[in-house]
Asker: 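Handing you this structure, nothing more for now.
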Amino acid sequence: MNAQTPDSPERADFIREIVAADVREGRHATIVTRFPPEPNGYLHIGHAKSICLNFGIAREFGGRCHLRFDDTNPTKEEQEYIDAIEADVRWLGFDWGEHLYHASDYFEQLYEWAVALIRAGKAYVDDLTADEIREHRGTLTEPGQDSPWRDRPTAENLDLFERMRAGEFPNGARVLRARIDMAAPNINLRDPVLYRIVHAAHPRTGDAWCIYPTYDFAHGQSDAIEGVTHSICTLEFEVHRPLYDWLIENLPVPSRPHQYEFARLNLTYTVLSKRVLLRLVNEGHVRGWDDPRMPTISGLRRRGFPAEGIRDFAAVIGVAKADSVVEVGQLEFAVRGVLNRTASRRFAVLNPLKVVLDNYPAQQVEEMEVANNPEDPSAGGRSVPFTRELWIEHDDFREDPPAKFFRLAPGREVRLRGAYFVTCREIVKDAAGQVVELRCTYDPATRGGDAPDGRRPKATLHWVSAAYAVPAEVRLYDHLFVRPDPGADGDLFADLNPASETVLRGCLVEPALAATTVGQTVQFERLGYFAPDPDSMAGHLVFNRTLTLKDTWAKLGAQGRQDT
RNA sequence: UGGCGAGUGGCCUAACGGUAAGGCACCUGACUCUGGAUCAGGGGAUUGAAGGUUCGAAUCCUUCCUCGCCAGCCA
């Protein structure tokens with residue numbers, strides 16, 4: 001994926017090193033990984049890290065990566081999520097080919113294996129209630145106690161388990177448990193629940209089943225059925241590995257997968273918890289899973305983030321076992337890098353200030369040819385109409401310019417990008433004393449942006465012709481949470497950023513922007529990257545600000561070095 | 001407190017016993033028709049702590065400290 005030179009081999013993370021060693025020692029004919037989401041919500045940037053890891057390893061080692069839905073809990077799963085997950089993985093640029101699977105594809109096989117476990121005396125039906133089971137489980141420091149049903153005769157276990165499947169019992173009446181060790185120091189080994197009764201329709205199997213395997217009983221076996229060689233998951237499953245291995249060892253599974261764990265992604269100013277994201281959606285803090293402020297793949301996409309930027313980010317943050325919190329700035333850096341290379345430049349004025357060029361012919365219209373992307377000559381150019389009356393950014397004018405303010409001010413000459421040099425001659429104010437218009441003159445000799453005498457203004461401004469400008473709504477986005485560690489003080493929702501979205505309605509943009517389609521992210525010169533929102537329509541353009549440009553001037557202000 | 005895992009500059013990551021590397025961020029300067037981009041340079045860590053082994057330790061050993069995960073019939 002990344003460029004790799006002979007003398008500076010790309011550093012592999014610890015998982016890739018394990019895979020490489022397995023390949024080197026001939027342990028597997030083909031490397032098989034899998035990305036196993038539960039369809040109980042939308043994918044987020046944390047999943048993207050896992051997707052890039054799993055699909056990336058498969059590609060790098062000439063193997064394959066499966067997309068498998070871990071759909072073992074019908075009460076939380078929905079078809080909407082299944083569809084969204086498939087779309088998001090594809091959008092990220094990965095392809096599972098023929099290898100789309102579901103844990104539910106294996107329900108019958110898993111059931112048979114559960115029966116085999118019972119026959120082997122390694123599983124039993126427990127009549128204890130959930131509360132009683134918890135009480136018998138012991139604590140971190142005290143061993144658990146055997147359930148009174150632990151030594152139930154095999155025949156009785158078989159009969160009861162069959163009747164559980166047949167639907168004879170209500171939810172929670174009984175469970176199937178592995179018979180391991182109630183005194184195990186690892187609590188996950190204290191006779192974990194393998195099957196529970198859930199009378200609920202499953203998005204794929206309908207009501208064919210009323211007992212469902214737990215994660216632990218489904219995951220490793222699913223890996224084994226699919227021939228997964230490296231089952232990569234996040235750190236919280238580390239304590240489940242002994243159980244994963246126990247099941248693989250005690251069941252006649254067709255292959256022997258191994259589980260490896262890495263640290264999940266954490267980002268500053270961001271929450272990556274499906275539980276919390278679901279609340280943000282359900283409680284209306286955002287407009288949906290794909291709200292541009294959401295860290296979901298669909299939200300980032302709507303915001304204008306390119307898939308390549310997300311992939312680059314995943315590659316640069318690496319994979320390790322230490323818990324960590326990556327600064328969002330790192331993600332933004334990766335995204336800006338891609339956008340700088342690929343986004344077409346356009347002119348858009350968010351907060352318009354009228355400029356009239358007194359010495360410019362009233363009816364004249366000039367089509368100024370401006371490059372689409374100075375970084376990429378092959379991107380060509382477009383023409384932008386230039387007229388006597390223009391709009392510029394209000395922030396680009398100061399009546400009393402502070403030190404280091406290079407933009408327009410009384411008597412000052414600046415360049416209008418791709419057009420002419422203009423000089424501010426007069427300020428027009430309204431009754432309240434607000435500047436509402438600037439009377440300027442232009443220098444006809446500077447057409448295209450260069451002066452024959454070689455003089456060079458310190459500032460170049462973007463502009464839009466008043467006669468041809470197209471109105472637009474622009475939505476500015478900022479972090480969803482105000483602090484880098486949302487919820488650290490207790491109430492996560494108290495840390496929501498009330499200004500995470502600012503809607504600007506009076507924006508005026510160059511005509512070419514009316515043709516921008518959803519999926520294209522453009523750069524509004526000097527302002528940032530913007531993407532048309534799906535709400536955008538022919539008569540009503542709507543743009544989302546993906547990211548601002550790096551803004552040294554603003555930074556000076558924030559540091560108080562800008563005497564305003 | 002039991003088990004498991006992890007601690008490297010502000011953040012992420014590397015170094016696999018041979019004398020701390022890279023990216024982000026930060027600071028300078030150059031360049032510039034985006035205060036963008038680019039280019040050049042800079043500051044900043046002795047690797048959680050203390051002992052020990054060794055010619056040599058971020059890497060090995062010991063003890064301690066800190067953080068994370070596990071007591072769902074969630075995943």
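Only this structure's heavy atoms are used, side chains among them; waters, hydrogens and symmetry mates stay out. Convention: sequence-line order gives letters A, B, ...; per-chain numbering from 1.
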Asker: Which residues pass the side-chain contact (heavy atoms from CB on, under 4.5 Å) test with A:Val325, sequence neighbours left out?
Answerer: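 A:Val325 satisfies side-chain contact (heavy atoms from CB on, under 4.5 Å) with A:Asn266, A:Thr268 only.
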Asker: Which way is the base of B:G72 turned, syn or anti, if we draw the line at 90° from 0?
Answerer: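 This nucleotide is in syn.
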Asker: Which part of the nucleic acid, if any, lies within reach of A:Pro374 when heavy atoms closer than 4.0 Å are counted: base, sugar-phosphate only, or nothing?
Answerer: base
Asker: With A:Asn340, which residues qualify under side-chain contact (heavy atoms from CB on, under 4.5 Å), at least two apart?
Answerer: A:Arg345, A:Glu375, A:Tyr529
Asker: Using a cut-off of under 3.5 Å, enumerate the N/O to N/O pairs linking the protein to nucleotides 23-25 of chain B.
Answerer:
| from | atom 1 | to | atom 2 | distance (Å) |
| --- | --- | --- | --- | --- |
| B:G23 | N2 | A:Gln330 | OE1 | 3.1 |
| B:C24 | O4' | A:Gln330 | NE2 | 3.3 |

Asker: Pick base, sugar-phosphate or nothing for A:Leu527, based on heavy-atom distances below 4.0 Å to the nucleic acid.
Answerer: nothing
Asker: Tell me, please, which residues at least two apart from A:Cys210 pass side-chain contact (heavy atoms from CB on, under 4.5 Å).
Answerer: A:His199
Asker: Between B:A6, B:A75, B:U34, which nucleotide gets closest to the side-chain atoms of A:Glu525?
Answerer: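 Nearest nucleotide to the side chain: B:U34.
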Asker: Is there a side-chain polar atom (N or O) of A:Thr72 under 4.0 Å from OP1 or OP2 of B:A75?
Answerer: yes
Asker: Among A:Arg179, A:Arg150, A:Arg177, which one satisfies side chain to side chain donor-acceptor pair (under 3.5 Å) with A:Asp191?
Answerer: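 Going through the options one by one, the only one that passes is A:Arg150.
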Asker: Between C1' on B:U59 and CZ on A:Phe14, what's the gap in Å once rounded to a whole number?
Answerer: 17 Å
Asker: Provide the distance between the two P atoms, one in B:G22 and one in B:G41, to the nearest whole Å.
Answerer: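 So the two P atoms sit 12 Å from each other.
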Asker: Could you tell me whether A:Asp70 and A:Arg34 have a side-chain N and a carboxylate O separated by less than 4.0 Å?
Answerer: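 Answer for the salt bridge query: no.
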Asker: Quick one, A:Lys274 with A:His47, criterion side-chain contact (heavy atoms from CB on, under 4.5 Å). Give me CA distance, side-chain angles, the key distance, then yes/no.
Answerer: CA-CA 11 Å; A:Lys274 275 198 208 171; A:His47 294 107; 3.5 Å; yes
Asker: Roughly how many Å is it from CG in A:Leu549 to C1' in B:U32, rounded to a whole number?
Answerer: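 Value for this atom pair: 14 Å.
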Asker: More than 12 heavy atoms of other residues, nucleotides or ligands under 6.0 Å from CZ of A:Arg456: is that the case?
Answerer: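 Open: at most 12 neighbouring heavy atoms sit under 6.0 Å from CZ of A:Arg456.
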Asker: Would you kindly give the CG-to-P distance between A:Leu331 and B:C11, to the nearest whole Å?
Answerer: 18 Å
Asker: Can you tell me, in whole Å, how much space there is between the P of B:G9 and that of B:G5?
Answerer: 23 Å
Asker: Excluding sequence neighbours, so at least two apart, what forms side chain to side chain donor-acceptor pair (under 3.5 Å) with A:Asp127?
Answerer: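 For A:Asp127 the side chain to side chain donor-acceptor pair (under 3.5 Å) partners, ignoring immediate neighbours, are A:Arg152, A:Arg174.
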Asker: From the set B:G68, B:U34, B:A71, return the single nucleotide nearest to any side-chain atom of A:Asp323.
Answerer: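 Among B:G68, B:U34, B:A71, the one nearest the side chain of A:Asp323 is B:G68.
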Asker: If the P atom of B:C64 is compared with that of B:U1, how far apart are they to the nearest Å?
Answerer: 11 Å
Asker: Tell me, which of residues 171-187 of chain A have any heavy atom that sits under 4.0 Å from an atom in RNA chain B?
Answerer: A:Gly172, A:Val175, A:Pro185, A:Ile187
Asker: Does a side-chain N or O of A:Arg134 approach OP1 or OP2 of B:G72 to a distance below 4.0 Å, or not?
Answerer: yes
Asker: Quick one: on RNA chain B, does A:Thr139 or A:Arg447 contact a more 5' nucleotide (nearest heavy atom)?
Answerer: A:Arg447
Asker: Is there a donor and acceptor pair, one atom on the side chain of A:Arg456 and one on the base of B:U32, closer than 3.5 Å?
Answerer: no
Asker: Can you identify which nucleotide, out of B:G5, B:G2, B:A71, has its nearest atom closest to the A:Arg137 side chain?
Answerer: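 Of B:G5, B:G2, B:A71, B:A71 is nearest to the side chain of A:Arg137.
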Asker: Could A:Arg417 and A:Phe347 be counted as a cation-pi pair, given that NZ or CZ must be under 6.0 Å from the ring centre and within 45° of the axis?
Answerer: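 Judged by the rule (NZ or CZ under 6.0 Å from the ring centre, within 45° of its axis), A:Arg417 is not positioned above A:Phe347.
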Asker: Given B:A6, B:G35, B:U34, identify the nucleotide with an atom nearest to the side chain of A:Lys321.
Answerer: B:A6
Asker: Can you list the residues that meet the side-chain contact (heavy atoms from CB on, under 4.5 Å) rule with A:Glu236, with sequence neighbours excluded?
Answerer: A:Thr234, A:Arg264
Asker: Within the 4.0 Å heavy-atom criterion, would you say A:Glu142 contacts the bases, only the backbone, or no part of the nucleic acid?
Answerer: nothing
Asker: Check whether the side chain of A:Glu236 and the base of B:C70 form a donor-acceptor pair under 3.5 Å.
Answerer: no
Asker: Please list, in numerical order, the residues of residues 237-246 of chain A that have a heavy atom closer than 4.0 Å to any atom of RNA chain B.
Answerer: A:Phe237, A:Glu238, A:Val239, A:His240
Asker: Run the ring-ring contact (aromatic ring centres under 6.0 Å, His included) test against A:Phe69 and tell me which residues pass, sequence neighbours left out.
Answerer: A:His102
Asker: In which ranges does RNA chain B form stems of 3 or more consecutive Watson-Crick or G-U pairs, distances under 3.5 Å?
Answerer: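 Stem segments, range with range: B:2-7 with B:65-70, B:10-12 with B:22-24, B:26-30 with B:38-42, B:48-52 with B:60-64.
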Asker: Got a sec, which residues hit salt bridge (Lys or Arg N to Asp or Glu O under 4.0 Å) with A:Arg412, two or more places apart in sequence or on another chain?
Answerer: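 Result, salt bridge (Lys or Arg N to Asp or Glu O under 4.0 Å) vs A:Arg412: none returned.
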Asker: Using a 4.0 Å heavy-atom cut-off to protein, can you give one letter per nucleotide of nucleotides 38-47 of chain B, 5' to 3': B if the base is in contact, S if only the sugar-phosphate is, - if neither?
Answerer: ----------
Asker: Quote, to the nearest angstrom, the P distance that separates B:U53 from B:G44.
Answerer: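 Those two atoms are separated by 33 Å.
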Asker: How far does the P atom of B:G48 sit from the matching atom of B:A57, given to the nearest Å?
Answerer: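 Each nucleotide's P atom is 15 Å from the other's.
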Asker: Could you check whether any side-chain N or O of A:Asp71 sits under 3.5 Å from a backbone N or O of A:Pro39, counting only pairs where one atom can act as donor and the other as acceptor?
Answerer: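 No: the side chain of A:Asp71 does not pair with the backbone of A:Pro39.
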Asker: May I ask you to evaluate whether A:Arg526 reaches the phosphate of B:G35, defined as a side-chain N or O under 4.0 Å from OP1 or OP2?
Answerer: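 It does, given that an N or O in the side chain of A:Arg526 lies less than 4.0 Å from OP1 or OP2 of B:G35.
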Asker: Determine whether the side chains of A:Glu261 and A:Gln259 contain a donor N or O and an acceptor N or O closer than 3.5 Å.
Answerer: yes
